[in-house]
Amino acid sequence: MHRLRHHAALASSRLLVRDNQRITALARAGDVAAARRVFDAMPRRDAVSWNALLTALWRAGRDLPAARSLFDDMPSRNVISWNSIIAGCLAHGDLAAASAYFARAPRRNVASWNAMLAGLVRLGSMEDARSLFDQMPERNVVSYTTMVDGLARCGEVASARELFDAMPTRNLVSWAAMISGYVDNNMLEEARKLFEAMPEKNVVACTAMITGYCKEGDLQNARRLFDGIRAKDVISWNAIISGYVHNGLGEEATKLYIIMLREGIKPDQATLIALLTACSSLALLRQGRSTHAVVIKAMLESSISICNALMTMYSKCGNVDESELVFMSLKSQDIVSWNTIIAAYAQHGRHQKVIALFHEMELCGLIPNDITFLSMLSACGHAGRVDESLKLFDLMFSKYAISPRAEHYACIVDILSRAGQLEKACSYIKEMPSEAEKNVWGTLLCASQTHGNVQLGELAAKMLVLSDFESSGAYVMLSNIYAAAGMWGEVNRVRSQMKEKGVKKQPGHSWTEIADKVHMFVGGDASHPEMDMILSELRKISFHMQMVTDKTQMMEELVQECGFLISSNWVRSWS
């Protein structure tokens, strides 16, 4: 009898362990409903069962109210139960509820304090985090690392390093947190020195350094470090791919993405956004559509960040209507989504559509921000709506209390310059709260050349040379302004200055995609392997254009001789 009871108890224990494991596994797979069914069907539950479902509800199910309800129903709670509900409240941004549970907890261990500390750091409450850290009866390496990370994130790098140096023990995560802190605060030299002093380099620290090198444009060292990582994870792949994209090497980024797939690494949301950015920069529509298919296959089409990247990609590839289809597919659109679709139509010169979307966004209860107005001003500029642009510029501050940034002033200067209102454009430059950037003076210089304004052209060129003395653009444009005004002595003076300072005219470049291959062309360079065929086609196009022009002129002359009152539209359509 005793043996039977022992076997029954053993079977019951095994069943309990199995069911607990099933709850955990289902929660990790994201199937919280199935985990709940297993829990409800269990003949016997222990603290592990309750804690497993509790964590599953707020983490995988993202249902904090259900987790709090379950916590209230628990027949008994241990320190793990209290730590779980505290972590859940903090993960959902409910600091008040987390603090209340922390205060009520009958017993706390170092994990309880660390959970609260990590939540405060993540929510940006660094003063509260400092106070809690000072109150901790016991600290471990996790406590110190959390504070180092938090201080570095809020820009207090010196304090973070002081605490890092004072740590009784450090692990690889501690080193990686301090290195990342330096990188995030653009202190690459300090990051490099600490990285070299690191006793054992892990993938997290290497990835942080790759990001730092890419920020500095040092892709050679970034790639060398990346190639040296034995066990690359998706985050390290994302770092190097994003690095190539942000340094204007989208084609190299797409090659790396293909290698990543071949090595069996599954792309995540960050990978796909980086790849879509590369497609946007190179206008690779076919590659962009392939990436869109990957997004659908990975069931990420509901991600707002991915959809925003898709909208940008389609727009920059010339398919703004597909951008709108992506926008309409979103269940909920945030301000970034609205700004993205407004920018897409603005880039394509669809002024009326931009205005309509702006009003629609306001009706939806969203308040426009500085980026919204930048796209609005751009659309008005493309449409030549000077008065409307100036009204929008004033509306930013008067209605929405948005202070114009340098980009908004640059947009207004561009609009006024295109309209020939150079003096007014110059007055807006003088009103700028900070020193005008070179693109603003470049805009005024171009307009001065177009409208033959020597005085403003000289001013704009002088300011451009001061900001970038090696650029040839300012010299060339000023020389052209003088030449148009017949001031040949000044033309020779500008050219002499270029020679004295060693400034050389930089060749223009362009590219196009044909059959999944990007072809780059540089002014004056005839080294393309198919240059003969290209020149032949250009001659054919030029000849065809000349034939059409001659035919149109002949028809117009014929119409005038015959005295027929035929509209120019009919002539163009006939030709």
**Message:** salt bridge (Lys or Arg N to Asp or Glu O under 4.0 Å) for Asp94 and Arg68? Distances and angles first, verdict last.
**Reply:** CA-CA 12 Å; Asp94 195 339; Arg68 294 181 68 174; 3.8 Å; yes
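- The distance from atom CD of Glu127 to atom CG of Leu132, rounded to the nearest 0.5 Å, is 13.0 Å.
- Side-chain atoms of Ser81 and Asn51 include a donor-acceptor pair closer than 3.5 Å.
- Glu200 CD: 12 or fewer foreign heavy atoms inside a 6.0 Å radius.
- In this structure, Ser49 and Asp19 have side chains that are not in contact, with every pair of non-hydrogen atoms separated by 4.5 Å or more.
- Few gaps surround CZ on Arg18; more than 12 heavy atoms of other groups in view lie less than 6.0 Å from it.
- Residues Ile210 and Arg223 form no side-chain contact, since every pair of their non-hydrogen atoms from C-beta on lies 4.5 Å or further apart.
- Other residues, nucleotides and ligands place more than 12 heavy atoms under 6.0 Å from the CZ atom of Arg77.
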**Item:** Steps toward side chain to side chain donor-acceptor pair (under 3.5 Å) verdict (Ser76, Trp50)
**Value:** CA-CA 9 Å; Ser76 63; Trp50 287 90; over 6 Å; no
**Asked** For Gln287 and Leu275, what are the C-alpha separation, side-chain angles and deciding distance, and is it a side chain to side chain contact (heavy atoms under 4.5 Å, CB included)?
**Response** CA-CA 9 Å; Gln287 178 68 57; Leu275 193 62; 4.1 Å; yes
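- A salt bridge does not link Asp218 with Arg192: every distance from a Lys NZ or Arg NE/NH1/NH2 to an Asp or Glu carboxylate oxygen is 4.0 Å or more.
- For Asn247 (side chain) and Leu249 (main-chain N/O), no donor-acceptor pair under 3.5 Å exists by modelled atom type.
- No side-chain N or O of Asn83 forms a donor-acceptor pair with one of Asn114 less than 3.5 Å apart.
- If you take OG1 on Thr340 and CG on Leu330, they are separated by 9.5 Å, rounding to the nearest 0.5 Å.
- We find the CG-CZ distance between Asp149 and Phe164 to be 12.5 Å, quoted to the nearest 0.5 Å.
- Side chains of Ser174 and Thr145: a donor-acceptor N/O pair is present below 3.5 angstrom, by distance only.
- The shortest distance between side-chain heavy atoms of Arg161 and Val148 does not fall below 4.5 Å.
- Counting non-hydrogen atoms of neighbouring residues, nucleotides and ligands closer than 6.0 angstrom, the CD atom of Glu189 exceeds 12 such neighbours.
- Within a 6.0 Å sphere centred on CD1 of Ile367, other residues, nucleotides and ligands contribute 12 heavy atoms or fewer.
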**Prompt:** What's the verdict on side chain to side chain contact (heavy atoms under 4.5 Å, CB included) for Met187 and Val183, showing C-alpha distance, side-chain angles and the deciding distance?
**Reply:** CA-CA 6 Å; Met187 300 170 71; Val183 169; over 6 Å; no
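- At a cut-off of 3.5 Å, with distance as the only test, no side-chain donor of Tyr314 or Arg289 sits close to an acceptor on the other residue.
- Side-chain contact between Asp165 and Arg170 is present, with heavy atoms from C-beta onward closer than 4.5 Å.
- Looking at heavy atoms from C-beta onward, Leu90 lies in side-chain contact with Arg122 at the 4.5 angstrom threshold.
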**Message:** For a side chain to side chain donor-acceptor pair (under 3.5 Å) check, start with the C-alpha distance between Asp134 and Ser131, then their side-chain angles and the critical distance, and finish with the verdict.
**Reply:** CA-CA 5 Å; Asp134 292 338; Ser131 176; over 6 Å; no
**Request:** Could you check Phe133 against Tyr144 for ring-ring contact (aromatic ring centres under 6.0 Å, His included), going step by step and ending with a plain yes or no?
**Result:** CA-CA 9 Å; Phe133 183 76; Tyr144 279 96; 5.5 Å; yes
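- Between Tyr257 and Leu272 the shortest side-chain heavy-atom distance falls below 4.5 Å.
- Between Ser378 and Cys411 the shortest heavy-atom distance is N-SG, 3.7 Å.
- Atom-to-atom distance recorded for Cys89:SG and Met116:CE is 9.0 Å, nearest 0.5 angstrom.
- Counting all heavy atoms, side chain and backbone alike, Gln347 lies closest to Ser315 at OE1-OG, 3.2 Å.
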**Item:** Check against side chain to side chain donor-acceptor pair (under 3.5 Å), Thr55 and Ser84
**Value:** CA-CA 6 Å; Thr55 304; Ser84 178; 2.9 Å; yes
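- Nearest heavy-atom pair across Thr146 and Ala118 is CG2-CA, 3.7 Å.
- Ionic pairing of Lys255 and Glu252 is present here: one or more N-O contacts between side-chain nitrogen and carboxylate oxygen are shorter than 4.0 angstrom.
- Taking all atoms of both residues into account, the shortest heavy-atom contact from Thr207 to Val203 is OG1-O, 2.7 Å.
- Checking side-chain atoms of His246 against main-chain N and O of Cys214 turns up no donor-acceptor pair under 3.5 Å.
- Proximity of a side-chain donor or acceptor of Ser242 to a complementary backbone N or O of Ala239 within less than 3.5 Å is not detected.
- When all heavy atoms of Ala52 and Ile23 are compared, the closest pair comes out as CB-CG2, 3.8 Å.
- Ser125 contributes no side-chain N or O that, together with a main-chain N or O of Asp128, makes up a donor-acceptor pair within less than 3.5 Å.
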**Message:** Between Gln333 and Leu366, is the side chain to side chain contact (heavy atoms under 4.5 Å, CB included) condition met? List the steps.
**Reply:** CA-CA 10 Å; Gln333 295 112 346; Leu366 285 165; 5.6 Å; no
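- Side-chain contact check for Arg130 versus Gln135: every heavy-atom pair is 4.5 Å or farther apart.
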**Prompt:** Passes side chain to side chain contact (heavy atoms under 4.5 Å, CB included), Ile229 versus Trp237? Steps please.
**Reply:** CA-CA 10 Å; Ile229 300 173; Trp237 278 99; over 6 Å; no
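- Two rings, from Tyr182 and Phe195, have their centers 6.0 Å or more apart.
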**Request:** Under the ring-ring contact (aromatic ring centres under 6.0 Å, His included) rule, what do Trp82 and Phe102 come out as? Steps first, then yes or no, please.
**Result:** CA-CA 8 Å; Trp82 287 95; Phe102 184 76; over 10 Å; no
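- A distance of 13.0 Å separates OG of Ser99 from CZ of Arg104, quoted to the nearest 0.5 Å.
- Among Asn308, Asp334, Asp370, Asn369, the one residue that satisfies the side-chain hydrogen bond (donor to acceptor under 3.5 Å, both in side chains) test with Asn339 is Asn369.
- When all heavy atoms are compared, the tightest approach of Pro267 to Met260 is CA-CE, 3.6 Å.
- Taking 4.5 Å as the limit, some side-chain heavy atom of Met167 sits within range of a side-chain heavy atom of Val141.
- Here the straight-line distance linking atom CD1 of Ile179 with atom CG of Asp184 works out to 12.0 Å at 0.5 Å rounding.
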